Amino acid sequence: MISYEEVGALLGLAAARDQRIAGEADVLAWHSDLNAASINYADADAALTRFYAVEMAGLEPDKRRRVTTPDVIAIARKIRAERLENFQYEPAQPDETPRQYLARLRGQISDVASGRRDTPRQAAALEGGPHPEVLRALAAVGRGVPEQAAAEQHPEVKRPGPLGRECPRCKAAIGRPCRTPGGRERPPHPRRSSPIPADPNAEQQEIARRRAVSAAALARTQEETR
């Protein structure tokens, strides 16, 4: 994956950045670690650059440190994963066998992850306009319809039953139940169920008549008890 010569070059680049002194033991250790993690020279070099140019550059001088093989391995794996974010398999032929598909898929993943093959940096955007039926539906949005025009000419709410009109007795709104003077719900008042609009004068006359009858009955009762 990575040769001793490549590891020596990599440690030379690290020493140029952090002034380390690399010896033969360093080369042996880095060679063993990077090959165990399957990290090639190109990925290790990219990881080394990101470590010093990005990660260490964002820290205060007293918090910076020298790169180690775990740093290189972790960053190299992250770089390979980033290259595969928008990976799309490209089939060779429509009738390829499962064996051919798997072999080609592994090859494409390896090429893209290692940087030997470019991949889109962002997901492809959808192209094309709306479906014709959608366009026709959108064209009708905001236009008036006959029912709407009729409702504008006759704004009263049409609802079956006594709740379809305002109660002339307790003034309950359309769609709301009638209430007693104490505020409790009650069945609709008779006037609300009547198809004939209530006459305010007739209602006042009826109230006066009932009061007169009650007063006369009270007077007779008082006369009889004397």
Side-chain angles (χ1 to χ4, degrees), residues 1-139 141:
M1 304 279 193
I2 186 169
S3 65
Y4 286 103
E5 291 76 12
E6 290 173 332
V7 171
L10 199 65
L11 282 169
L13 293 173
R17 292 177 169 101
D18 57 26
Q19 291 75 50
R20 74 177 64 199
I21 298 176
E24 184 178 353
D26 298 288
V27 174
L28 291 174
W30 278 55
H31 180 268
S32 177
D33 291 349
L34 296 180
N35 276 308
S38 300
I39 304 299
N40 60 27
Y41 178 80
D43 291 341
D45 183 31
L48 191 68
T49 300
R50 180 177 293 190
F51 177 84
Y52 283 106
V54 178
E55 295 191 2
M56 292 300 102
L59 300 178
E60 296 296 330
D62 59 337
K63 295 183 179 180
R64 295 171 186 167
R65 58 184 176 83
R66 292 177 178 177
V67 69
T68 63
T69 51
D71 296 321
V72 174
I73 293 169
I75 298 174
R77 288 175 174 171
K78 183 178 181 180
I79 291 173
R80 291 175 67 88
E82 290 172 353
R83 292 171 181 159
L84 290 171
E85 283 183 357
N86 298 314
F87 171 78
Q88 292 182 353
Y89 174 69
E90 296 182 0
Q93 50 190 1
D95 55 348
E96 62 182 354
T97 65
R99 185 184 298 274
Q100 291 172 331
Y101 162 74
L102 291 176
R104 185 174 175 82
L105 176 63
R106 293 191 187 101
Q108 291 184 13
I109 291 176
S110 177
D111 290 343
V112 172
S114 63
R116 293 189 297 270
R117 178 178 178 178
D118 293 334
T119 186
R121 298 306 301 167
Q122 60 182 6
L126 296 177
E127 297 181 356
H131 191 276
E133 294 184 1
V134 176
L135 290 176
R136 287 194 292 269
L138 292 175
V141 174

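We count residues from 1, following the sequence as given. If you're wondering where the values come from, they're calculated on a predicted model, not measured in any experiment.
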Is atom CG of Leu59 surrounded by more than 12 heavy atoms (other residues, nucleotides or ligands) closer than 6.0 Å?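 Yes.
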Residue pairs, two or more places apart or on separate chains, that pass ring-ring contact (aromatic ring centres under 6.0 Å, His included) and touch residues 43-66: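 Qualifying pairs: none.
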Inter- and intrachain pairs under ring-ring contact (aromatic ring centres under 6.0 Å, His included), touching residues 60-82, at least two apart: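 Every candidate ring-ring contact (aromatic ring centres under 6.0 Å, His included) pair involving residues 60-82 fails, so no pair, neighbours aside, qualifies.
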Return each pair, listed once, that meets salt bridge (charged side-chain N to carboxylate O under 4.0 Å, His left out) where at least one residue sits in residues 50-64; pairs must be two or more places apart or across chains.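 Listed by first then second residue: Arg50-Glu82.
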Tell me, which pairs form a salt bridge (charged side-chain N to carboxylate O under 4.0 Å, His left out) where one or both residues lie in residues 5-18, sequence neighbours left out?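 Salt bridge (charged side-chain N to carboxylate O under 4.0 Å, His left out) check on residues 5-18 returns Asp18-Arg20.
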So which heavy atom on Ala14 is nearest to which on Val67, and how close?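 Minimum heavy-atom separation between Ala14 and Val67: CB-CG1, 4.1 Å.
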Tell me the closest heavy-atom pair linking Ala47 and Ala76, and the distance in Å.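 Smallest interatomic distance, heavy atoms only, reads CB-N, 3.6 Å.
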What side chain to side chain donor-acceptor pair (under 3.5 Å) pairs are there with at least one residue in residues 68-79, not counting sequence neighbours?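 For residues 68-79: Asp33-Thr69, Arg65-Asp71, Thr68-Asp71.
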Which residues pass the side chain to side chain contact (heavy atoms under 4.5 Å, CB included) test with Asp26, not counting sequence neighbours?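 Side chain to side chain contact (heavy atoms under 4.5 Å, CB included) list for Asp26, sorted by chain: Leu11, Ala22.
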Applying side chain to side chain contact (heavy atoms under 4.5 Å, CB included), name anything that partners Ala44, two or more places apart in sequence or on another chain.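 Here the qualifying residues are Leu10, Leu34, Ile39, Val72.
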How would you list, by chain and number, every residue that makes a ring pair (Phe, Tyr, Trp, His ring centres under 6.0 Å) with Tyr4, sequence neighbours excluded?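 Partners of Tyr4 by the ring pair (Phe, Tyr, Trp, His ring centres under 6.0 Å) criterion, ordered by chain and then number, come out as His31.
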